[in-house]
Novice: 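The structure is given below, and queries will be raised subsequently.
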Amino acid sequence: MGGVFAIELEGISKRYRLGEYNARTLWESLKYRRQRNGSVPQEVWALREVSLRIRPGEMVGIIGPNGAGKSTLLKVVSRITYPTYGTVRWRGRIASLLEVGTGFHPELTGRENILLNGTILGMRRHEIRRRLDAIVDFAEVAPYLDTPVKRYSTGMVVRLAFSVAVHLEAEILLVDEVLSVGDAFFRQKAIEKMQELISRQGRTVLFVSHNMGILRNLCKRGIVLDSGRVSHDAPIDEAVAFYLATRRRQLERPLSERTDRTGSGKWRVRRVEILDARRQHVDQVLAGDPLHIRCYIDKKSAVNLRELFVGIVLWDAYHTKAATFFSDEMAADFSFLQQADAFELYIPRLNLRPGRFGIGIHLGEGGAGPQMLLDYIEEAASVMVLPGDFWGTGRAPRPHGIALLPAEFRP
Amino acid sequence: MPQSVVPPLRTLRMPYDSGKIDWWELWRYRDLIWMLVRRDFSLFYKQTLLGPLWYLLQPVLTMLVFTAVFHRMAELSSGGVPAPLFNLVGILMWGFFRDTFIGVSETFVRHQALFSKVYFPRLVVPLAEWGIGLIRLGFQWIILLGLWLFWVMRTDGIPTFQWGWFSFAVLLLSMAGVGGGLLMASLMTKYRDLRFVVSFGVQLLMFLSAVFYTLDEAAARLPAMGEWLRYNPVAVAIESARWAWLGVGSVSWEAALVAFTGCGVVLAVGIYRFNRAEKDFLDTI
């Protein structure tokens, strides 16, 4: 049965329009029609000519940096969004674990929500009824089945939503890394359930994850996406190795040449420098020491400085946000950028425990209104935090947890 | 699941299929239509003090006010039948059209978050909205039935009830409400202020739809405008319903045919535009 496939994509391209194109008022659209002067909405191609063929029962990991088109690919396959060009062919029912609990309503009881959510996900009512016990048992909400969901704890809602989603009977399963919710115990149970689902005979799975370990464990085949194109399609180990190698090369390239970024590009971060207390270039710093993150900008066209938004995030090794700095919260004044082409974030004490931290930079425009993304790079630079003498005791802090907070024990 | 069973092949070719409607898929999701209808009633029941009584109270109060203002004060004709009964038919039919039209037209505005997260045939939502309207109409008709029986028992020589015209009235309002709503829904994805145009336009339309007057009287008093009103599908439907139940009003075959054809076209265009809008309204980020 060489010709049988579960999913086949042929020349799939997907265009998104940037900005507030849709949400115009009648008056604005009349004005635009009369002027037609260059206010053409900007476009972004999230997928370009993607062709894939996935056989029934295959477990495929989708790998790629943020903005490479992974989620768009899953959305196209699940038909949440439509490709601009190209052909999708598929056999069997497609279930997605992209968003659990969609359509849950707090006023409805657990039972009502199970039925509603199940039918939204494409189940027939009799199918849901048949699985009701299994769903309820797995979610551990049996005593509260006829209680409105608004009286549930957050954990219970998450468990119930996840349970409905995994009890779908579908030939094709799309899984995005959703399991950052719920308590640790349930998360473990959920991962086991997913592994069971995924490894069940005959089921086709597309799996998106940043966690190379999980991907390697679960999948046989890996597809690497890069700026909307398939850049590698191979057995999972090879694909992961390929991805990590390109990623390393990406990070070593000068910032201005990197393509793993999104945004209109009116302004772009050209270079990021990490400076220590004496303003020396460094790539490592002692825990608790001062740090400057200095960003140089390429200005292609004018940006309203009063509406400039800068966000800087420090990622830890597990891709968790360890710290975030948002210029609007901090009421930063960027008027000096009228002349200058650089600004810096000064952190007086880098209260982080030892480890490597990635630095993500987001430039936006739009003040309080809807934001226009100028430039976003998930990992523009990185800094190694070394165990310093944070406590002044001569003893190094262990690399456990993320933050080091000034504190002392008292009687 | 035995390995030998190969599920049927499904194909989506873009941009060629951008106006295509997958009726089979819609049928597969029929349970969802029913669940959405049930959710609506369930929520209404839970979130209001009087619950379903509201459905009855609203038209009754409107009926009293209309009777006082338009028939006692302004002395409009009610065609020889009691004014409350005359008004109630108009109010209930109008309410069915209004709720369906507005409900359907807000499909994308109200469900944007849901649509961006999960797939299902989007036509499910307008169909559910229509179902909600139908059930509500049926429930409200209880009051009318009560008044009607009371009237029938106390009066002689009442023409027999005509199923045909009443079914035609409900069908026409369904087509107008769903079709017009679909068209508006697809336009609203482009122009957000259309929402206000719709709510205001619907208010105006009520005065042009023979809710509390007969088309004959309108034609007699305002000849220029009254003749046009005869082709307003909502007015045609309301007159037909009154003709079916009370034996007053005048619907010509010609007007009925024009209204029906017009609504058919609106419905077809509405479905087509809705399907196109559904495929790209989420594409702006």
Side-chain angles (χ1 to χ4, degrees), chain A residues 1 4 6 10 12 14-29 41 44 56-57 75 78-94 96 98-99 102-103 105 107-108 112 115-116 118-126 128 148 169 171 201-203, chain B residues 1-18 22 25 28-36 38-39 42-47 108-109 111 113-121 124 187-194 196-197 276-285:
Chain A
M1 300 214 296
V4 174
E10 208 183 301
I12 294 292
K14 173 70 185 175
R15 175 184 53 206
Y16 281 110
R17 296 192 197 94
L18 282 179
E20 285 275 296
Y21 174 73
N22 256 353
R24 298 191 295 199
T25 63
L26 272 174
W27 174 242
E28 277 164 5
S29 86
V44 167
K75 279 186 171 178
S78 63
R79 281 178 297 161
I80 291 167
T81 189
Y82 289 78
T84 312
Y85 303 109
T87 303
V88 190
R89 296 195 182 84
W90 69 101
R91 288 176 196 276
R93 207 189 291 188
I94 301 176
S96 85
L98 303 184
E99 295 276 349
T102 310
H105 199 289
E107 294 283 346
L108 298 177
E112 287 171 318
L115 276 167
L116 181 64
T119 44
I120 285 180
L121 296 174
M123 276 195 274
R124 298 294 313 280
R125 266 187 304 161
H126 60 82
I128 304 169
E169 188 108 316
E171 287 85 7
Q201 186 78 41
R203 210 187 272 259
Chain B
M1 155 178 21
Q3 285 281 297
S4 56
V5 178
V6 178
L9 175 71
R10 314 275 310 282
T11 306
L12 177 80
R13 290 155 65 239
M14 291 295 284
Y16 315 103
D17 287 349
S18 56
D22 195 339
E25 183 92 339
R28 226 174 52 78
Y29 273 83
R30 60 193 180 278
D31 280 0
L32 178 56
I33 302 178
W34 176 235
M35 288 311 300
L36 289 177
R38 264 183 50 177
R39 177 185 72 166
S42 179
L43 285 180
F44 193 81
Y45 188 81
K46 284 173 183 171
Q47 286 173 335
F108 291 122
V109 181
H111 296 88
L114 185 61
F115 285 0
S116 67
K117 286 178 186 152
V118 60
Y119 165 81
F120 53 83
V124 157
L187 288 172
M188 260 189 230
T189 60
K190 293 219 173 83
Y191 313 111
R192 66 201 134 129
D193 52 354
L194 217 54
F196 306 109
V197 177
R276 293 199 68 108
E278 170 229 313
K279 292 191 170 67
D280 61 25
F281 96 106
L282 287 171
D283 286 1
T284 299
I285 46 177

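Computed over heavy atoms, backbone and side chain alike; hydrogens, waters and symmetry mates excluded. Throughout, a chain's letter reflects where its sequence line sits, starting with A, and its residues are numbered from 1.
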Novice: So, B:D31 side chain and A:T119 main chain: donor-acceptor pair closer than 3.5 Å or not?
Specialist: no
Novice: Counting only non-hydrogen atoms closer than 4.5 Å, does B:R28 touch chain A with its backbone (N, CA, C, O), its side chain (CB onward), both, or neither?
Specialist: both
Novice: Below 4.5 Å from any heavy atom of chain B, which atoms of A:R93 appear? Answer side chain, backbone, both or neither.
Specialist: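 For A:R93, side-chain heavy atoms alone lie under 4.5 Å from chain B.
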Novice: Indicate the atoms forming the closest heavy-atom contact of B:P15 with A:Y85, along with that distance.
Specialist: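 Looking at all heavy atoms of both residues, the shortest contact is CD-CD2, 3.7 Å.
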Novice: Relative to chain A, which segment of B:F115 carries a heavy atom at a distance below 4.5 Å: side chain, backbone, both, or neither?
Specialist: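 Just its backbone gets close to chain A.
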Novice: Please tell me if the side chains of B:L12 and A:W90 come closer than 4.5 Å, counting only heavy atoms from C-beta onward.
Specialist: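 Counting from C-beta outward, B:L12 and A:W90 do come under 4.5 Å.
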Novice: To the nearest 0.5 Å, how far apart are CG in B:L32 and CZ in A:R125?
Specialist: 10.5 Å
Novice: Atom CE in A:M123, atom OH in B:Y29: separation rounded to 0.5 Å?
Specialist: 10.5 Å
Novice: For each of A:I94, A:T81, A:T84, A:I12, tally heavy-atom pairs with chain B at distances under 4.5 Å, and name the one with the top tally.
Specialist: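 That would be A:T84.
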Novice: Once you round to the nearest 0.5 Å, how far does CG of A:L108 lie from CZ of B:R38?
Specialist: 10.0 Å
Novice: Rounded to the nearest 0.5 Å, how far apart are CG of B:L9 and CZ of A:R91?
Specialist: 4.5 Å
Novice: Kindly compute the distance separating CD (A:E107) from CZ (B:R39), expressed to the nearest 0.5 Å.
Specialist: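 Result: 12.0 Å between the selected atoms.
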Novice: Quick one: are B:M35 and A:E112 in side-chain contact, heavy atoms under 4.5 Å?
Specialist: no
Novice: For B:Y119 and A:I80, which heavy atoms make the closest approach, and how far apart are they?
Specialist: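 Heavy atoms of B:Y119 and A:I80 come nearest at N-CG1, 3.7 Å.
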Novice: Is there side-chain contact between B:M14 and A:V88, with heavy atoms separated by less than 4.5 Å?
Specialist: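 No, every pair of side-chain atoms sits at 4.5 Å or beyond.
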Novice: Which atoms of B:P8 are under 4.5 Å from chain A, going by heavy atoms: the side chain, the backbone, both sets, or neither?
Specialist: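 Backbone of B:P8 only, per the 4.5 Å heavy-atom cut-off to chain A.
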